[in-house]
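Only one structure is covered here, and it is reproduced in the block below.
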Amino acid sequence: MPTSLSLGILYVDHRLSFTPAVRPFCGSLILPRGPGRDSGATLKSARAPGPALARPRFVIEHAAALALVESGNLGEAVIRIIRSVCETLDWACGALWAFDAQRDALVCAETWGIALPEVQVFLEATRQMRQAEEPGGLVRRAWLEAKPIWIEDVTQDKSLRRAQDARKAGLHCAFAFPIKDGDRVIGVMEFFGREALPPDRELLESSVFIDKGISQFMQRKQVEDDLLRLRAVMDAAPDLFFVVDPQTLRFLYVNEIACKVQGLTREEYLQLSPWKASGITREELVTIYDAVIAKPAEAVTSETFGRALDGRRGWFETQRRALHVDGRWLIVIGSREITQRKLAEQSALRLGRMYAALSATNEAIMHSKSPEDLFGRVCDAAVHGGKFMTAAVLVPDTDTAWTKVVAVSGDGENALRKARISVDEATAVGRGLVGTAFRTLTPCVSNDFLKDERTAPWHAVAKQAGMKAGAAIPLMRNGRAIGILQLYSSQKNAFDEEIVKLLERMVENITFALHNFEREAERKSAEEHVQYLATHDALTGLPNRSMFGQLIGMEIESARRYQRKFAVAFIDLDRFKDVNDTLGHDAGDTLLKEMSARFKAALRMSDIVARFGGDEFVILMREVSDVAQVAAIAGKVLAAAVNPVTVAGQECGVTASVGIALYPEDAADEQSLMKNADMAMYAAKEKGKNNFQFYATNMRSR
């Protein structure tokens, strides 16, 4: 990337190169003396150096290399090089010229000359000059032609504007060569002697070495300055930054915040192995780095669980990118803590699952025929809807304090059936979650099951089964506990306050259902209460308008957060009124229930169908990828409706008209989505029914 390098009063534009250190300047620099031959000639004569020049040449090379290695800035290095050349070969002065982007001209950046007044006057005039843009002159020719230029006697060269000043200073011979960054000229160095001298091939070779040395020095200093600025920025950043060598698997850089997180000094951190610091194996880390290097243009993002700044364990989002620097690959890593965001996402996800489990539980209550059937359905709802790894209902044995499993679902079924659990406080196995909840009549939770002293008797079996958190909710009847709803999760901290409240609601619903089993005379009141809690349509068992509104609201939030799409489909049964008028409402209800079952069977497991009343149904198609997928689902719905239904001994044929609105293409809020899907449904009816239509902006509102 082009950048600007400050050289005193000018800005030199050159390309950066990641050079670890400047290489020692080596080569030959010979400035011959003697009578001149060709004024203004380029360096192309081939005069071999004599033995007498070997020492000056060595001195110049050594001085130039030393200047480039030891100098703190370019100006200091250039002055030392000019001085060493002039003093070694008894030349009068020299200068470095560079292109000033702001002034759009070549300007004098650095000078050095012997302590003669006339030479210092010449240098002062040189420093005040701005090189002309037209060809000619010493510096301009070296710049434009990108090669060394020799003038045997500047006082005789009419193209040189400083000829008169040089004559007054007693200067004759002049030599200039370009300083390059790759193929691009970024400056010119010139020298003046007090004698007229012919050009020499050896000087060309020496100038190339000086050119490369200065170019590398500029690159090195720019890289060092950039790295210092970059390090200051990264040390001040709140995120963690690392640079790793994937070949040696060693840290090359860590920023200050990363050191604070681990409580280490930078030197101590750099001695760590990256795989140990990240908590994974060496082989896993090598695989990760290989994948990053395979796609250097892309940043690979991952989420990991590790230690946070205050010592807590937390979630981190990590981005890794591969950079090819100076012939080798480096892995640049940025990491930030996302614990709060992650916990919020997980909480929202758990809440959504719990609402689904609560809904499924209420549906199970409606369809259960006995307490045993209810318990089994509730456990299934908690596992499949709430995504708990294990759910069970335990009741104490009538003759002892031991509990028995009356219903269980999930991966930990075998472990739970083998576990010995009591409600007797006198025993260790009676002071766990189940026994405590049973005696205190309040929920008992452990969000870190394997480190909870109360659960110590079951640590081994829980570890083997993968249980990391647990909750016990008492099932109450007439003010006393009659059993325990036991839940286990494969994630720590799975039972926050809101989840526990929903579990209590679930248990309340179960208790209420049990009460209805015992008191058939109060069944009607219980059914009304259950239906109120369940928010399901009484006829079909489908979610009703209220529940569907909550579900679509949650889906909009989830889709907005994760950039997902979903669809809403309105369904209206064609000729349903004819069935009602001809065969009666009972037949119509039978038809509606059959259609409800068919619609549910035609959908994916993640989709939801609800009934709004009459023959109106609505479907929420979650996480759809494209219009074709939605059309395929709509086609299955139409196919499910078109098959005849036998009602009251008669075969009834109905079809469906389906209108579809997509999120976010057609609308971004619940009300607009429902309205647009409704308009699309009417458009389907106008096109002859038994078809589906996607919403379009030219549809008329009804």
Side-chain angles (χ1 to χ4, degrees), residues 346-347 350 353-354 357-358 361 375-376 378-383 386-397 400-477 479-511 514:
Q346 291 177 346
S347 178
R350 288 195 295 267
R353 290 171 175 172
M354 272 306 305
L358 180 60
T361 298
F375 293 152
V378 167
C379 292
D380 289 340
V383 170
K387 303 303 180 183
F388 294 107
M389 68 170 296
T390 307
V393 174
L394 291 78
V395 298
D397 186 80
T400 69
W402 297 104
T403 64
K404 61 181 179 180
V405 178
V406 296
V408 63
S409 182
D411 294 338
E413 177 178 350
N414 292 334
L416 191 58
R417 289 191 181 278
K418 294 178 181 178
R420 291 178 59 81
I421 302 174
S422 174
V423 295
D424 184 0
E425 189 177 8
T427 63
V429 291
R431 294 191 291 269
L433 304 184
V434 172
T436 302
F438 190 87
R439 292 189 303 274
T440 62
L441 309 181
T442 58
C444 191
V445 173
S446 175
N447 276 312
D448 194 350
F449 195 90
L450 297 179
K451 292 185 178 180
D452 195 325
E453 293 182 0
R454 298 172 299 173
T455 62
W458 306 280
H459 282 178
V461 66
K463 184 176 182 179
Q464 184 177 8
M467 300 174 178
K468 296 183 179 180
I473 316 296
L475 295 168
M476 304 293 295
R477 180 75 175 93
R480 64 183 184 87
I482 60 172
I484 295 292
L485 174 63
Q486 179 76 46
L487 299 165
Y488 292 99
S489 175
S490 59
Q491 296 179 344
K492 294 180 181 179
N493 303 309
F495 299 97
D496 58 25
E497 184 177 351
E498 290 184 275
I499 295 295
V500 173
K501 287 182 178 179
L502 288 175
L503 289 173
E504 289 183 288
R505 286 180 57 187
M506 179 185 293
V507 168
E508 288 175 2
N509 296 348
I510 297 171
T511 302
L514 294 174

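Heavy atoms only: backbone and side chains are in, while hydrogens, waters and symmetry mates are out.
Under the salt bridge (charged side-chain N to carboxylate O under 4.0 Å, His left out) criterion, E425 pairs with R439, not counting sequence neighbours. Applying the side chain to side chain contact (heavy atoms under 4.5 Å, CB included) test to L441 and every residue at least two apart in sequence or in another chain returns M476, A481. Applying the ring pair (Phe, Tyr, Trp, His ring centres under 6.0 Å) rule to F449 yields the partners Y488; only residues at least two apart in sequence or on another chain are considered. Under the rule for a salt bridge (charged side-chain N to carboxylate O under 4.0 Å, His left out), the partners of D448 that lie at least two apart in sequence or sit in another chain are K492. Under the side chain to side chain contact (heavy atoms under 4.5 Å, CB included) criterion, A460 pairs with no residue, sequence neighbours left out. Residues meeting the salt bridge (charged side-chain N to carboxylate O under 4.0 Å, His left out) test with D380, sequence neighbours left out: none. Taking T455 as the reference, H459 meet the side-chain hydrogen bond (donor to acceptor under 3.5 Å, both in side chains) condition, with sequence neighbours excluded. Remark: K501 pairs with E497 by the salt bridge (charged side-chain N to carboxylate O under 4.0 Å, His left out) rule, at least two apart or across chains.
Between L433 and W458, the closest side-chain pair of non-hydrogen atoms is not below 4.5 Å. Counting heavy atoms from C-beta outward, V393 and C379 have side chains that approach closer than 4.5 Å.
Annotation for G466 and M389: closest pair O-SD, 3.6 Å, computed over non-hydrogen atoms. In this structure, N447 and A494 approach most closely via the heavy-atom pair OD1-N, 3.2 Å. Counting all heavy atoms, side chain and backbone alike, G483 lies closest to V395 at CA-CG1, 4.0 Å. A pairwise comparison of heavy atoms in T436 and R431 identifies OG1-O, 3.5 Å as the closest pair. For the pair P474 and P443, the tightest heavy-atom approach, listed with the atom from each and the gap, is CD-N, 3.9 Å.
Applying the ring-ring contact (aromatic ring centres under 6.0 Å, His included) rule to pairs touching residues 410-444 yields nothing, sequence neighbours excluded. Screening residues 457-476 for salt bridge (Lys or Arg N to Asp or Glu O under 4.0 Å) gives no qualifying pairs among residues at least two apart or on separate chains. For the salt bridge (Lys or Arg N to Asp or Glu O under 4.0 Å) condition, no pair includes a residue of residues 403-412, sequence neighbours left out.
Atoms CE and CG, on M467 and L487 in that order, are 11.0 Å from each other to the nearest 0.5 Å. Rounding to the nearest 0.5 angstrom, the gap separating the CZ atom in R505 from the CD1 atom in I473 is 14.0 Å. Interatomic distance, T511 OG1 to I482 CD1, rounded to the nearest 0.5 Å: 6.0 Å.
Of the possible donor and acceptor atoms, none in the side chain of D397 sits under 3.5 Å from a partner among the backbone N and O of W402.
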Review item, side-chain donor-acceptor pairs of residues 414-422, under 3.5 Å, at least two apart:
unit_1: R417; atom_1: NE; unit_2: E413; atom_2: OE2; d: 3.3
unit_1: S422; atom_1: OG; unit_2: A401; atom_2: O; d: 3.3
unit_1: S422; atom_1: OG; unit_2: D424; atom_2: N; d: 2.9

